[in-house]
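Structure, as structure tokens:
Each chain gets a letter, A, B and so on, in the order its sequence line appears, and its residues count up from 1.
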2 protein chains.
Amino acid sequence: MREYVRSLVTGSAPGSPAPSERELVHRFGVARMTVRQAMDALVVEGLLERIPGRGTFVARPRRTASRITSYSEEMARRGMLAESQTLLARREQAGPGVARALSLTEGDAVIHWRRLRRADGVPMCIEDAYLNEVLLPGFLQSGMPTSLYDALESRGLRPSWAEDSINADRGNAEECGLLEVEPGSPVLRHSRRAIAGDKVVEVSRTVYRADRFTLWVQLGQDG
Amino acid sequence: MREYVRSLVTGSAPGSPAPSERELVHRFGVARMTVRQAMDALVVEGLLERIPGRGTFVARPRRTASRITSYSEEMARRGMLAESQTLLARREQAGPGVARALSLTEGDAVIHWRRLRRADGVPMCIEDAYLNEVLLPGFLQSGMPTSLYDALESRGLRPSWAEDSINADRGNAEECGLLEVEPGSPVLRHSRRAIAGDKVVEVSRTVYRADRFTLWVQLGQDG
DNA sequence: TAGTGGTCTAGACCACTAT
DNA sequence: TAGTGGTCTAGACCACTAG
């Protein structure tokens, strides 16, 4: 019956009334507490809204804050073709900064994966990803995947939390060369610390061509 | 009794057991459904976690995604003193871009408020805010407030949703002059469309000194 | 086997809204 | 005044976990 109410609700205009609790009691021949519990779940989901004394109504769809997206997902959203070229993929010893960000000890083994990423065939960014080797046994040996986030997901390590920092800068000579822009061109630097459960699964630094990339973020007060 | 359980939970280590439902039934002399409803509220709040067959436990605190913060709040978070200097505050007719962003018609009256904002006495950014005059009657006449978001909040218009875009650029001559940096210095451009309920309450464009400002964003998969 | 949360019953009274 | 959601009672059976 949860599903019955859901089907009534899906496609209904926000604000339109849902069946009253007592009506569903009669229609399904169940107790009112049963109906309430079913509807409660839909209220928590944000599909229904109760107004005491008036009734239960289809809620205005919740706006959803930005999700954690991969480069491929992000470019797909922009209608662009994402391609990546691995510049470097090897085992390294964590330096102080990477160790701290990955919650490791300096010198611990990490995977360093550097890629030049294109959109519609034109350079878009250079990404340096650092991964905790302990969480990804055999990662380097098994051939690099197309999508890091898909690879993490298949191991149950899809990040559910990310701490990003973003600033503007000028690209250095190497960066500008790879990105195919004039030396000193403006770039957007994006650092990410991505967490799955309690584990830091990815630390990355990405440098975007400022002329090709604008970051979009949606923030909600509710969630 | 909701408050009793909340008080037990607040300060308890995540993972520690909460009283069982039947124990609370005996302790308070109420029906079990009553206990469940009280605990349900705490589960929805994220304070408790149920594990069928095992019990109810104090949940690991939810990570909360970035909230919508004002400049003053943001600088306070960084431990810096925020100051603002109004460069311009007047009624204008909305141009095509601002009209679209504010969900108005071109030529409608908007308030344009330009401020140079300092942190610890040094220029940090220039913000151009555009406000729907219809939502803020007498705003210009009543003297500009210290904080736009406080002023919006006092009118019940605290934004609960924001659509931001961020990119890197070089500052133009005027911007660099006001920001007291070399002409052509890198800047971070931040645009915001802030919404309260159904109404667009603020559209702004801010240009930050890249050498002083890094944007921090936290993203969650849950909310 | 004892204890837990998940679900359900068949009522009840309350405060509130709309007519 | 009729209808709504909010809260509550005093039970019940189930599936699951743990010792």
**Prompt:** When rounded to the nearest 0.5 angstrom, what is the spacing between CZ in Arg117(B) and CD in Gln85(B)?
**Reply:** 11.5 Å
**Message:** Quick test of your reading of the model: are Arg36(A) and Glu21(A) salt-bridged, counting only N-O distances below 4.0 Å?
**Reply:** yes
**Request:** Send over the distance from Phe57(B) CZ to dT17(D) C1', rounded to a whole Å.
**Result:** 10 Å
**Prompt:** Can the ring centroids of Tyr149(B) and Tyr71(B) be said to lie less than 6.0 angstrom from one another?
**Reply:** no
**Prompt:** Between dC16(D) atom C1' and Ile51(B) atom CD1, what is the distance in whole Å?
**Reply:** 12 Å
**Item:** Stacked cation flag Arg78(B) on Trp216(B), 6.0 angstrom / 45 deg
**Value:** yes
**Prompt:** Does His112(B) have any ring pair (Phe, Tyr, Trp, His ring centres under 6.0 Å) partners at least two apart in sequence or in another chain, and if so, which?
**Reply:** Tyr130(B)
**Request:** Between Pro52(B) and Asp40(A), just flag the one whose closest nucleotide in DNA chain D comes earlier from the 5' side.
**Result:** Asp40(A)
**Prompt:** Which of parallel (below 30°), tilted (30 to 60°) and perpendicular (above 60°) describes Phe213(A) and Tyr208(A)?
**Reply:** parallel
**Request:** Report the secondary structure of DNA chain D in dot-bracket form, marking unpaired bases with a dot and bases paired to a different strand with |, and treating Watson-Crick or G-U pairs with both distances under 3.5 Å as paired.
**Result:** ||||||||||||||||||.
**Complete:** Rounded to the nearest 0.5 Å, the CD1 atom of Ile166(A) sits from the OG1 atom of Thr206(A) at a distance of 10.5 Å
**Message:** For dG5(C) and Arg54(B) - does any side-chain N or O of the residue sit under 4.0 Å from the phosphate oxygens OP1/OP2?
**Reply:** no
**Item:** Non-hydrogen atoms of Met75(B) and Ala82(B) that approach each other most closely
**Value:** CB-CB, 3.8 Å
**Request:** Specify the residues of residues 19-37 of chain A, ordered by number, for which at least one heavy atom lies under 4.0 angstrom from an atom of DNA chain D.
**Result:** Ser20(A), Glu21(A), Arg22(A), Arg32(A), Met33(A), Arg36(A)
